[in-house]
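To start, the structure itself, in structure tokens.
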Amino acid sequence: MQPYEPKKIEKKWQDKWEGEKAFETRTDPARKKFYALVEFPYPSGQGLHVGHPRPYTALDIIARKRRMEGQNVLFPIGFDAFGLPTENYAIKNKVHPKTVTEENIARFTAQLKSLGYSFDWSRCVNTTDSAYYKWTQWIFIKLFEKGLAYKSEMPINWCVSCKVGLANEEVVNGVCERCGGEVVRKVKSQWLLKITEYAQRLIDDLDDVDYIEKVKLQQKNWIGRSKGSEIDFPLDGAQDALRVFTTRPDTVFGVTYMVMSPEHPLLDKYKGKISNWDEVIKYREEAAKKSDFERTELAKDKTGVRLLGLEAVNPANGGKIPVFISDYVLISYGTGAIMAVPGHDERDWDFAKKFGLPIIEVVAGGGVDEAAYTDIADGKMVNSGFLDGMSVAEAKAAASKWLREKGYGAEKINYKLRDWVFSRQRYWGEPIPIVRCEKCGYAALPEGELPLTLPEVESYTQTDDGQSPLSKIPEWVNTTCPKCGGPAQRETDTMPQWAGSSWYFLRYTDPDNAEAPASPENLKYWTPVDWYNGGMEHTTLHLLYSRFWHKFLYDIGVAPTAEPYLRRTSHGMILGENGEKMSKSRGNVVNPDEIVDEFGADTLRVYEMFIGAFELAASWSMDGVKGCRRFLERVWRLPDFMAEGGYSEDLLTKIHQTIKKVTLDYEALKFNTAIAAMMSLVNEFYKRERVTRSEFETLLALLSPVAPHISEELHELAGGRDRLYKTPWPAYDEALCEEDKVTIAVQVNGKVKAQIEIAADEGESAAEEKAFAEKAVKNAVEGKTVVKKIYVKGRIYNIVVK
RNA sequence: GCUCAAAUGGCGGAAUAGGUAGACGCAAGGGACUUAAAAUCCCUCGGCAGCAAUGCCGUGCCGGUUCAAGUCCGGCUUUGAGCACCA
């Protein structure tokens, strides 16, 4: 047998698969479809990371197996190529981001192909291609037409170094997710998408999909539904009332002051009444420098300014109470103002102590002078007028009713989720297809003018006041209004990277369609995605955004189903050999090219699947890689002692058990144990120094989804007919998986004393007879009374003695 | 602080559904082959005691339920992830 040379055979098979169009898929309503999806990569300058092959190999295994089972499989790939790193690289090196993107995509493509994935490359999608982003823009226009895209002056997260507005979701640990720079708050006119309008449906419809539980939970927590009341506190001597949201209307008698966010719009309206306005302005400026995160970091030391000359009235008892501004109240959550109940809320308690404000106990439980009493499970209302003596639950209902009847409030559902800040003052993104006209306001471009392509610019940097680079091209900006034909200006902001990835899975079904995002026939056949695997880090960003877009597309009749993905699984990270996250600065980065070069793609694939439980993080180990290569070498040498014939009689059970285990384990993403089972079978062949043709073919078929090149090569060398990827998946017989003899552990008082062997069809009496015949059992039982005997079929015979 | 995971040999990790803990792989030690090395093949491999048979201990810690607990329950500790003054 010639030596195993992965370099030769892997290239050979990759070329053959490509030449044979082995994995190109066609819509065929007569066949059962299976749509497997992996998150398409961002083609970064660093090239493929060893983290990429983990999820890709996993779903490649599923896709290959399902094809062998006869399903019509769509397993596509593409590139999510708009985004900051490319733009920053382009600025630094004075190259067009398009050039950089093309180079990176070429490299990624070569790397992915070298790993032998069964992607349908003919459907490859690139979000920066104008034929693609035409439809991203089209979807935006539809959102705009339905009132779900709107422009708003609002405080946004502003990255000082990137000079770009960030969605809340993009601020990580108080710094910019991309550059790590300082994030401050800045009021800016931004496009927003009303994802909040879909909040309830995004929660409810999780019941209809098969996502791993922690993903569902994380999405629910992120959306953060809470039920409460909005209550109006009249401002003394003014026509307005200060509206708050609270989940605790029962505690309204305990309200001793109120707090507004420093950005609250009512402040400016009443600045004439506020005698310490200078102080307000100063506090507001300081608050603006802080991000939401910094405001929360300063939790221990409450700051604030009391508004002099403006007081509120507690509608419950008519008492006048002071009003403060403080940065711990955020304008973006609820109504931007709170009623403070220091007796029963820790933050309010801290604030009241610091400013010497009264603390009233309204739920009996004691000790509100020492700390806030927050246990609401039991406790009766006190100091609360008509609520006295009620439980908290009763008081909530009674207070809500009373407030509603008196016109002070209404019950309300509130969500933590905020609208999606959708504009970026950046170059490398989809231009927002909107024109602003003095007369008509904002108007969408007519569909016929799409795609609105990115114009060439001299420099990709923003203007110093943070305007998009596109604003520097007057001949592009100045245009005519699509409505009135008068002079108008184009929107110069671009869309965030998340836009293109919010619908790409639909495009895969019909990637070249020029008339629609995808044709109804193709969408109807292929969607929803049957199985989507991706990182946990995308749970609240990409996954939620794309569900939102998909629901919108469903509402306007484009997408055939309400949910885009039937099943969602997640993989763990691959860490460096030292157990830390791989990064250049830690010097623990492993390059997949080097592994492929030294050991082969099949070894890399087997290794990453064998490394540990799929959903858990795993550390890289070069020794582990060697072990997997050794396993493939052992498979390679099996033909040395191959014999003609079917399954050996005495190996029937083992073979059928292995087929069953591998079949079930692949679907359960338990690749490590599936591979262990195949190793065990190979060890068995070695022990006997014999493998029959049928046994060998079965092993190759089982192994082929994980290690497709070596399997295909061995199949061919052994004179196998057709291609392995076209052969049917091995079948197993449930009856033949059963052992005819079983080993049973005999225990005395739960401790194993002996092992006996009985025939599978023998029952308890046989076990009992053999058990008591064992010397060790006799010794342990001697002189004692047998109290109880427990028999677990095929496993345990336990004798309890006293 | 809140939520969710996780903790098993020298290492990565197995253990359907409460039923023989450590599958499979790595590393290590020993042996065969070889002039030698590599590769390959075979054997040993949780700890303590013992020549051995065997006995005792052992799945982060403390308790509990059970004939039987890595697995279930209560209370902790540590690590990781996500969120965080959310009203």
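Just so it is clear, the model here is predicted, and its values are computed rather than measured. Letters A, B, ... are given to chains in the order of the sequence lines, protein chains preceding strands, and every chain is numbered from 1. All values below come from the heavy atoms of this structure, side chains included, with hydrogens, waters and symmetry mates left out.
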Query raised in the report: Looking at A:Arg630, does any N or O in its side chain come under 4.0 Å of the phosphate oxygens OP1/OP2 on B:C41?
Result: no
**Report entry** Base-pairing assignment for B:U79 (Watson-Crick or G-U wobble, both under 3.5 Å)
**Finding:** B:A5
Query raised in the report: Touch check for A:Ala613, heavy atoms < 4.0 angstrom, all strands: base, sugar-phosphate only, or nothing?
Result: sugar-phosphate
Requested in this report: Determine the contact category for A:Asn414: base if any of its heavy atoms lies under 4.0 Å from a base atom, sugar-phosphate if only primed atoms, P, OP1 or OP2 are that close, otherwise nothing.
Outcome: nothing
Query raised in the report: Contact class for A:Leu217 vs. all strands (heavy atom < 4.0 Å): base, sugar-phosphate, or nothing?
Result: sugar-phosphate
Report task. Take the protein atom CD of A:Gln218 and the nucleotide atom C1' of B:U3, then report the distance between them rounded to whole Å. Result -> 9 Å
Report summary line: Pairing partner of B:U40, by Watson-Crick or G-U wobble and under 3.5 Å for both distances, is B:A32
Query - Atom CD of A:Glu598 with >12 non-hydrogen neighbours under 6.0 angstrom - result: no
Query - Same-atom distance (P) from B:A21 to B:G70, integer angstrom - result: 8 Å
Query raised in the report: Roughly, in whole Å, what's the span from OH in A:Tyr328 to P in B:A84?
Result: 18 Å
Query raised in the report: Using the C1' atom in both, what is the distance from B:G9 to B:A15, to the nearest Å?
Result: 15 Å
Report task. Respond yes when some side-chain nitrogen or oxygen of A:Lys788 is under 4.0 Å from OP1 or OP2 of B:C67, and no when none is. Result -> yes
Query raised in the report: How do A:Thr246 and A:Gly627 order along RNA chain B: which one's closest nucleotide is nearer the 5' end?
Result: A:Gly627
Query - Residue A:Lys216 excluded, over 12 heavy atoms near NZ under 6.0 Å - result: yes
Query - Lys/Arg-Asp/Glu bridge criterion (N-O < 4.0 Å) met for A:Lys353, A:Asp350 - result: no
Report task. Take atom P in B:C76 and the same atom in B:U66, then report the distance between them in whole Å. Result -> 23 Å
Report task. Rounded off to whole Å, could you give me the CD1-to-C1' distance for the A:Ile212 and B:A6 pair? Result -> 14 Å
Query raised in the report: Does the base of B:C26 carry an N or O that pairs as donor and acceptor with the side chain of A:Asp623 under 3.5 Å?
Result: no
Report task. Quickly work out the A:Tyr607 OH to B:G25 P distance and round it to whole Å. Result -> 15 Å
Requested in this report: Look at all strands and tell whether A:Glu615 reaches a base, only sugar-phosphate, or nothing, counting heavy atoms closer than 4.0 Å.
Outcome: nothing
Query - Of A:Val662, A:Ile659, A:Val691, the residue whose pairing with A:Thr698 passes side chain to side chain contact (heavy atoms under 4.5 Å, CB included) - result: A:Ile659
Query - Spacing of A:Ile796 atom CD1 relative to B:C67 atom P, expressed in whole Å - result: 15 Å
Requested in this report: May I ask you to say what A:Lys670 touches in the nucleic acid, namely base, sugar-phosphate or nothing, with a heavy-atom cut-off under 4.0 Å?
Outcome: sugar-phosphate
Requested in this report: Could you tell me whether A:Ser621 contacts a base, only the sugar-phosphate backbone, or nothing, with contacts defined as non-hydrogen atoms closer than 4.0 Å?
Outcome: nothing
Query raised in the report: Is the glycosidic angle of B:G9 within 90° of 0, making it syn, or outside that range, making it anti?
Result: syn
Report task. Please report, rounded to the nearest Å, how far the C1' atom of B:A5 is from the CE atom of A:Met573. Result -> 13 Å
Report task. Answer yes or no: does a side-chain N or O of A:Arg637 lie under 4.0 Å from OP1 or OP2 of B:A39? Result -> no
Report task. Using atom types as modelled and distance alone, determine if a side-chain donor or acceptor of A:Thr540 lies under 3.5 Å from a backbone N or O of A:Gln219. Result -> no
**Report entry** Side-chain N,O (A:Arg795) to OP1/OP2 (B:G18) below 4.0 Å
**Finding:** no
**Report entry** A:Tyr257 ring center near A:Phe355 ring center (under 6.0 Å)
**Finding:** no
**Report entry** Distance, rounded to the nearest Å, where A:His344 contributes NE2 and B:C86 contributes C1'
**Finding:** 19 Å
Requested in this report: Report which part of the nucleic acid A:Asn798 touches: base, sugar-phosphate, or nothing (heavy-atom distance under 4.0 Å, all strands).
Outcome: base
Requested in this report: Would you indicate what A:Thr743 reaches in the nucleic acid, counting non-hydrogen atoms under 4.0 angstrom: base, sugar-phosphate, or nothing?
Outcome: base
Requested in this report: Determine which nucleotide pairs with B:A87, using a 3.5 Å limit on both distances of a Watson-Crick or G-U wobble pair.
Outcome: none
**Report entry** Side-chain donor or acceptor of A:Ser680 paired with backbone N/O of A:Ala676 under 3.5 Å
**Finding:** no
Report summary line: Among the nucleotides B:U3, B:A15, B:C24, whichever has the atom closest to the side chain of A:Phe610 is B:C24
Query raised in the report: How is A:Gln755 classified with respect to the nucleic acid when contacts are heavy atoms under 4.0 Å: base, sugar-phosphate, or nothing?
Result: base
Requested in this report: May I have the distance from A:Tyr797 (atom OH) to B:U20 (atom P), rounded to whole angstrom?
Outcome: 17 Å
Requested in this report: May I ask you to say what A:Gly224 touches in the nucleic acid, namely base, sugar-phosphate or nothing, with a heavy-atom cut-off under 4.0 Å?
Outcome: nothing
**Report entry** Spacing of the P atoms in B:U3 and B:U71 (rounded, Å)
**Finding:** 23 Å
Query raised in the report: Expressed in whole Å, how much space separates the C1' atoms belonging to B:A53 and B:C41?
Result: 32 Å
Query raised in the report: So, A:Phe599 versus A:Tyr607, ring centres under 6.0 angstrom or not?
Result: no
Report task. With C1' as the reference atom in both, quote the distance from B:C72 to B:U59 in angstrom, rounded to an integer. Result -> 16 Å
Report task. Verify whether the ring centers belonging to A:Phe631 and A:Phe610 lie closer than 6.0 Å. Result -> no
Report summary line: Under a 3.5 Å limit on both distances, the Watson-Crick or wobble mate of B:G74 is B:C62
Query - A:Arg634 side-chain N/O to B:C41 phosphate OP1/OP2 under 4.0 Å - result: yes
**Report entry** Pair partner, B:G25 [Watson-Crick or wobble, under 3.5 Å]
**Finding:** B:C11
Query raised in the report: Is any side-chain N or O of A:Asn672 closer than 4.0 Å to OP1 or OP2 of B:A14?
Result: yes
Report summary line: When A:Thr335 and A:Lys214 are each assigned the nearest nucleotide of RNA chain B, the 5'-most assignment goes to A:Lys214
Report task. For nucleotides B:C42 and B:C33, find the distance between their C1' atoms and express it as a whole number of Å. Result -> 11 Å
